[in-house]
There are 2 protein chains.
Amino acid sequence: MAGMINATEGMRCSHAFLSCEEALPVFSKEDLPDVILLDIGLPGMSGIQGIEKFKELSPSTLVVILTVYDDNDKVFNALCAGASGYLLKDSPPEKVIEAIKEVLAGGAPMNMQIAHKVLGMFAQFKPKKANYGLSEREKEILQYMVSGLTKQQIADKLFLSFHTVNTHLKNIYTKLHVNTRSGAVSKVYEEHLL
Amino acid sequence: MAGMINATEGMRCSHAFLSCEEALPVFSKEDLPDVILLDIGLPGMSGIQGIEKFKELSPSTLVVILTVYDDNDKVFNALCAGASGYLLKDSPPEKVIEAIKEVLAGGAPMNMQIAHKVLGMFAQFKPKKANYGLSEREKEILQYMVSGLTKQQIADKLFLSFHTVNTHLKNIYTKLHVNTRSGAVSKVYEEHLL
DNA sequence: AGAGAAATGCCACGAACGCGGTATAGTGAA
DNA sequence: TTCACTATACCGCGTTCGTGGCATTTCTCT
């Protein structure tokens, strides 16, 4: 791959390493690359951690993942850690060169299948459904409960009697099929209510 | 755009509408398209709602957004609603044709800038790695609390004394800087602990 | 060997909660 | 005009929680 890059007009592969541990010390110097091509199935430090370390040292350096792993978890974590692209090892070298150009142009190179996975994650992320028939008032009160207030504090905030809040809370519990505050709060996050 | 599509080998644009409201009735029939090219800045029903409606009627139909809007919110919501691709209106028609082919091949066509935004969202999504120094046992107990159990129930589950759970909970509250169950549970979800 | 963290256990008290009731007023649909 | 829903308000009982304190054991790391 390094040879391929060096053979490309306007590109130079300054270093190549077998692990993040070897690469990081070199990085401390002023010789910062524009792009890092990184595998994530590495001996020692995982590539995911590597991304974070590299990004700490040089936030402007773009990290493109090039690996054989395509499971949702690895993809998700790599992107969360700050990767700017994700390619699979079955990509032909020309595609990799192309990807480097793309990421430098402000893009986000991804394999077709990875891009598909990524969009799929969004759908998973916000399946805003499951309507328990909460009234507006109940949602409002639930909101305050989620933020950690007690019944009395909620009552004060909404200029209601303590007893009213109490009743609302009872109804909320019934509708959500829970019987503790923590259960209700969990349900709110778990099912993206409110 | 319809002309362009019909001029392409193997493609046919069966319908074209000015709004989702016009398109949906036609959809009820058995004449389901493989791909819908959809704007999201529409009169009446927003394109975002449109995606959901289309997907309900025909889950296998792939929706590709083609619009001028590139703000994070619209992109995010469109993808959550089930879009399989996102193009900007400044894309040349050939790119659109290419995108249709790509989405049919199981891909997720996106403009360079959109892809970049999408990856950026992930980084936003999970940089919250605040470490409160919770011990393993504390995390375990917190987990059970999140699922809605009472102190006594947790104690039973872990074969501990009620008092032990009590102490752990006290320590957890201190470390998380909260003083209610709901506050703790919220923090867990809000900052992706555990 | 000794310090420190973690896990475990116990006590007690006031505050908050969960849940069983009941009741009134307003709104909008059947 | 009922009927159902919603928001409001009140009561009381037993349970659970939050918090103050203290003590023991078992690790790990130095």
Side-chain angles (χ1 to χ4, degrees), chain A residues 21 44-46 49 128-194, chain B residues 45 49 129-194:
Chain A
E21 284 85 349
M45 181 189 297
S46 86
Q49 286 175 287
K128 280 200 177 186
K129 283 185 183 177
N131 184 17
Y132 290 91
L134 293 174
S135 74
E136 284 311 306
R137 196 54 153 177
E138 285 164 350
K139 286 180 190 171
E140 194 177 4
I141 286 170
L142 188 49
Q143 190 100 54
Y144 283 116
M145 187 171 68
V146 166
S147 66
L149 301 187
T150 67
K151 291 176 182 179
Q152 188 57 62
Q153 287 172 321
I154 297 172
D156 293 345
K157 212 122 196 169
L158 296 177
F159 304 104
L160 291 177
S161 147
F162 163 81
H163 305 287
T164 305
V165 174
N166 206 15
T167 304
H168 283 309
L169 233 31
K170 274 191 290 192
N171 295 333
I172 291 172
Y173 284 178
T174 305
K175 288 182 181 178
L176 295 187
H177 306 112
V178 297
N179 56 356
T180 60
R181 300 172 96 58
S182 28
V185 173
S186 282
K187 206 139 199 172
V188 166
Y189 282 99
E190 216 73 73
E191 312 193 6
H192 297 93
L193 306 171
L194 301 185
Chain B
M45 182 188 299
Q49 285 175 286
K129 49 161 188 173
N131 184 20
Y132 290 92
L134 293 174
S135 73
E136 286 309 307
R137 198 53 155 175
E138 286 164 349
K139 286 179 189 171
E140 194 177 3
I141 285 169
L142 188 50
Q143 190 101 52
Y144 282 115
M145 188 171 69
V146 166
S147 66
L149 301 187
T150 67
K151 291 177 182 178
Q152 187 58 62
Q153 287 172 322
I154 296 172
D156 293 346
K157 212 125 197 166
L158 296 177
F159 304 105
L160 290 177
S161 146
F162 164 82
H163 305 287
T164 306
V165 175
N166 204 20
T167 304
H168 281 308
L169 235 31
K170 275 191 288 193
N171 296 332
I172 291 171
Y173 284 179
T174 305
K175 288 182 181 177
L176 295 188
H177 306 113
V178 297
N179 56 357
T180 60
R181 300 174 97 57
S182 29
V185 174
S186 281
K187 207 139 198 172
V188 166
Y189 283 98
E190 216 71 75
E191 313 194 6
H192 296 92
L193 274 45
L194 302 185

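Keep in mind that the numbers below use all heavy atoms, side chains included, and drop hydrogens, waters and symmetry copies. Throughout, protein chains are lettered first and strands after them, A, B, ... in sequence-line order, and every chain is numbered starting at 1.
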Measure the distance from NE2 on His163(B) to C1' on dT19(D) and round it to the nearest whole Å. 15 Å
side-chain hydrogen bond (donor to acceptor under 3.5 Å, both in side chains) with Gln143(A): which residues, sequence neighbours excluded? none
Check the interface with nucleotides 21-23 of chain C: list each N/O to N/O pair with the protein under 3.5 Å, or write none.
{"from": "dG21(C)", "atom 1": "O6", "to": "Lys170(A)", "atom 2": "NZ", "distance (Å)": "3.1"}

Do you know which two heavy atoms are closest between Ser186(B) and Ser147(A), and how far apart they sit? OG-N, 4.4 Å
Protein-nucleotides 15-17 of chain C N/O pairs under 3.5 Å:
{"from": "dC17(C)", "atom 1": "OP1", "to": "Lys151(A)", "atom 2": "N", "distance (Å)": "3.4"}
{"from": "dC17(C)", "atom 1": "OP1", "to": "Arg181(A)", "atom 2": "NH2", "distance (Å)": "3.1"}
{"from": "dC17(C)", "atom 1": "OP2", "to": "Lys151(A)", "atom 2": "N", "distance (Å)": "3.1"}

With the criterion being N/O to N/O and under 3.5 Å, what pairs connect the protein with nucleotides 28-30 of chain C, and how long is each?
none

How close do Gly148(A) and Thr180(B) get, counting heavy atoms only, and between which atoms? O-OG1, 3.3 Å
Lys139(B)/Glu136(B) salt bridge by N-O under 4.0 Å criterion: yes
Work out which heavy atom in Ser182(A) is nearest to a heavy atom in Val185(B); give both atom names and the distance. CB-CG2, 3.7 Å
Mind checking what makes salt bridge (charged side-chain N to carboxylate O under 4.0 Å, His left out) contact with Arg181(A), not counting sequence neighbours? none
Interatomic distance where CZ belongs to Arg137(A) and P belongs to dT27(C) [whole Å]: 15 Å
Residues in side-chain hydrogen bond (donor to acceptor under 3.5 Å, both in side chains) contact with Lys151(B), at least two apart in sequence or another chain: Asn166(B)
Whole-Å distance between dA7(D) P and Phe159(A) CZ? 18 Å
Just the rounded figure in Å: distance from P of dT6(D) to CG of Leu158(A). 18 Å
Whole angstroms only, please: what is the CG-P distance between Leu169(A) and dA9(D)? 15 Å
Ranking Ser135(A) and Ser182(B) by the position along DNA chain D of their nearest nucleotide, the one closer to 5' is Ser135(A)
Please list, chain by chain and in numerical order, all residues satisfying salt bridge (charged side-chain N to carboxylate O under 4.0 Å, His left out) with Glu140(B), sequence neighbours excluded. Arg137(B)
Got a sec, which residues hit salt bridge (charged side-chain N to carboxylate O under 4.0 Å, His left out) with Lys175(A), two or more places apart in sequence or on another chain? Glu138(A)
For a 4.5 angstrom cut-off between non-hydrogen side-chain atoms, does Leu158(B) reach Tyr144(B)? yes
Base, sugar-phosphate, or nothing: which does Leu160(B) touch, judged by heavy atoms less than 4.0 Å apart? sugar-phosphate
side-chain N/O Thr164(B) vs dT8(C) OP1/OP2, d < 4.0 Å: no
For residues 152-189 of chain A, the ring-ring contact (aromatic ring centres under 6.0 Å, His included) pairs (sequence neighbours left out) are Tyr189(A)-Tyr189(B)
Any residue meeting side-chain hydrogen bond (donor to acceptor under 3.5 Å, both in side chains) with Asp156(B), in chain and number order, not counting sequence neighbours: Gln152(B)
On a heavy-atom basis, which atom in Ile141(A) and which in Ile172(A) lie closest, and how many Å separate them? CG2-CD1, 4.1 Å
Tell me the interatomic distance from Asn171(A), atom CG, to dG20(C), atom P, rounded to whole angstroms. 12 Å
Please name all residues satisfying side-chain hydrogen bond (donor to acceptor under 3.5 Å, both in side chains) with Thr164(B), sequence neighbours left out, ordered by chain then number. none
Send over the distance from Ile172(A) CD1 to dT8(D) P, rounded to a whole Å. 12 Å
His168(B) NE2 to dC10(C) P: how many Å, rounded? 13 Å
Using atom names, set out every protein N or O paired with an N or O of nucleotides 25-30 of chain D below 3.5 Å, distance rounded to 0.1 Å.
none

Mind checking if Ser161(B) touches a base, just sugar-phosphate, or nothing, with heavy atoms under 4.0 Å? sugar-phosphate
